[in-house]
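See below for the structure under consideration.
Keep in mind the model is a prediction, meaning the values are calculated, not measured.
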Amino acid sequence: MDVVAVQDLDPSMAFDVVDLLGVLTNGILGGAVARQLKMDPVGFLFLAVVSALGGGLLRDTLLQVGFPVALTNPAYLITAIAGAAVAFFLQLQGKWTNRVLVVADALAVGCWAATGTGKALDVGLTWLPAVMIGVITAVGGGMIRDIAVGRVPMIFGGNTLYATGAVIASAEMAVLHGLGYPNWGMAAAILTAAAVTVVARRRGWRLPGAGEWNVRLPKRDWPRPTWRPRGPGRRSGTGTRSGRRTRSGPGTRSGPGPRHGEQPRNGEPPRNGEQRRAEDRGDGPGDGPGRGEDPGAP
């Protein structure tokens with residue numbers, strides 16, 4: 001019995017198996033949405049085909065390289081219809097059923113992203129539009145399905161990382177395809193996208209929304225300027241608080257001066273409070289005689 005060497009195996013056969021497995025899985029998921037909305041068999045068939053083949057149809061239409069593969073290869077359409085039939089006749093519930101569908105869908109995301117990127121690079125596109133084509137191939141079917149039933153596409157927010165895995169897979173394929181290893185790029189894309197999608201589903205990883213990721217500039221307390229009164233003979237800060245201006249005007253006493261409403265005597269300097277109280281007691285200089293003086297002395 002001959003032993004087939006590993007290098008003689010054609011990796012494209014394994015990639016085709018993953019591709020058709022993704023078509024079947026997404027056909028079942030489209031039929032599951034139709035079951036939730038209580039549609040008839042036409043609704044099951046439409047949502048299954050759109051969910052399973054919509055991304056490839058968009059890819060081939062944008063690249064304009066002939067008829068879409070989903071229409072020229074009957075295996076794709078037959079597999080999508082089989083997924084619709086499974087969802088219509090079987091009520092798929094249970095933990096393990098959900099896990100199998102999640103893993104199969106995660107494998108298909110990487111496969112479709114790498115396929116779309118590789119085809120875009122083969123027709124002469126650069127790496128950035130090629131990555132975009134790969135992402136559209138991977139998530140375009142589910143996006144069209146959600147729009148068809150009046151829902152916001154799940155890849156636009158509120159769901160675990162799904163399109164992010166497609167972006168990573170497309171980028172890996174673009175790099176390895178440019179280095180001349182398209183098969184390695186396909187394998188790396190499938191494994192990486194599957195790992196990211198499954199772990200994100202398990203851990204609940206999501207991209208932050210607009211209100212959850214805000215950039216705020218730090219506030220800095222600048223020092224306030226200290227007010228210094230202008231004019232000669234005034235000391236800064238005497239009788240005032242730091243940072244506040246000193247009021248000036250009628251009724252405000254600032255240093256020695258006459259009382260409010262009192263005019264200074266002609267030829268005499270203004271008197272302060274101590275001088276006025278001394279004159280009232282007869283202790284200081286003023287108009288009347290001082291203490292110890294003879295009133296009749298010249």
At their closest point, which heavy atom of [X] faces which heavy atom of [Y], and how far apart are they?
X    : Y    : result
P153 : D146 : CA-OD2, 3.5 Å
A52  : G27  : CB-N, 3.8 Å
A108 : G22  : CB-CA, 3.3 Å
A48  : A84  : CB-CB, 3.4 Å
I155 : A163 : CB-CB, 4.4 Å

Could you list the residues that satisfy side-chain hydrogen bond (donor to acceptor under 3.5 Å, both in side chains) with [X], not counting sequence neighbours?
X    : answer
D122 : H177
R151 : Q36
R145 : S51

> CE of M154: more than 12 outside heavy atoms within 6.0 angstrom?
Replying inline: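 Result for CE/M154: open.
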
Using the rule that Ile, Leu, Val, Met, Phe, Trp and Tyr join whenever any side-chain heavy atoms are under 4.5 Å apart, tell me whether [X] and [Y] fall into a single cluster.
X    : Y    : answer
V69  : M173 : no
L92  : L47  : no
L161 : I168 : no
L58  : I147 : no

> Do the side chains of V149 and M39 get nearer than 4.5 Å, heavy atoms only?
Replying inline: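 Yes. Closest side-chain heavy atoms under 4.5 Å.
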
> Are any non-hydrogen side-chain atoms of L29 and V33 less than 4.5 angstrom apart?
Replying inline: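 Heavy-atom side-chain distance check fails, nothing below 4.5 Å.
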
Pairs of donor and acceptor atoms involving the side chains of residues 98-105, under 3.5 Å and at least two apart or interchain, shall be tabulated with distances.
from	atom 1	to	atom 2	distance (Å)
D105	OD1	N26	ND2	3.4
D105	OD1	Y162	OH	3.0
D105	OD2	Y162	OH	3.1

>> For residues 18-46, which residue pairs pass the ring pair (Phe, Tyr, Trp, His ring centres under 6.0 Å) check, not counting sequence neighbours?
In response: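 The answer is F44-F88.
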
>> Test of understanding: with side-chain contact (heavy atoms from CB on, under 4.5 Å), list the residues that count as partners of V152, not counting sequence neighbours.
In response: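 With sequence neighbours excluded, V152 shows a side-chain contact (heavy atoms from CB on, under 4.5 Å) to F156, given in chain and number order.
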
> What residue pairs, at least two apart or across chains, pass side-chain hydrogen bond (donor to acceptor under 3.5 Å, both in side chains) with a residue in residues 79-94?
Replying inline: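 For residues 79-94: none.
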
> Which pairs with one or both residues in residues 58-72 pass side-chain hydrogen bond (donor to acceptor under 3.5 Å, both in side chains), sequence neighbours excluded?
Replying inline: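 Residue pairs passing side-chain hydrogen bond (donor to acceptor under 3.5 Å, both in side chains), neighbours aside: none found.
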
> Given V23 and L53, is the side-chain contact (heavy atoms from CB on, under 4.5 Å) satisfied, shown in steps?
Replying inline: CA-CA 7 Å; V23 172; L53 306 178; 4.0 Å; yes

> With a cutoff of under 4.5 Å between side-chain heavy atoms, which Ile, Leu, Val, Met, Phe, Trp and Tyr residues group with L176?
Replying inline: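 When side chains under 4.5 Å apart are linked, the cluster holding L176 also contains V175, L179, Y181, W184.
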
Would you be so kind as to tabulate the donor-acceptor pairs closer than 3.5 Å made by side chains of residues 11-21, with sequence neighbours excluded?
from	atom 1	to	atom 2	distance (Å)
S12	OG	D10	OD1	2.9
S12	OG	D10	OD2	2.6
D19	OD1	W112	NE1	2.6
D19	OD2	Y76	OH	2.6

Distance-only criterion, 3.5 Å: show the donor-acceptor pairs between side-chain atoms of residues 191-204 and protein atoms not counting sequence neighbours.
from	atom 1	to	atom 2	distance (Å)
T192	OG1	E172	OE1	3.1
T192	OG1	E172	OE2	3.0
T192	OG1	A188	O	2.8
T197	OG1	A193	O	2.8

Would you be so kind as to tabulate the donor-acceptor pairs closer than 3.5 Å made by side chains of residues 124-140, with sequence neighbours excluded?
from	atom 1	to	atom 2	distance (Å)
T137	OG1	I133	O	2.8

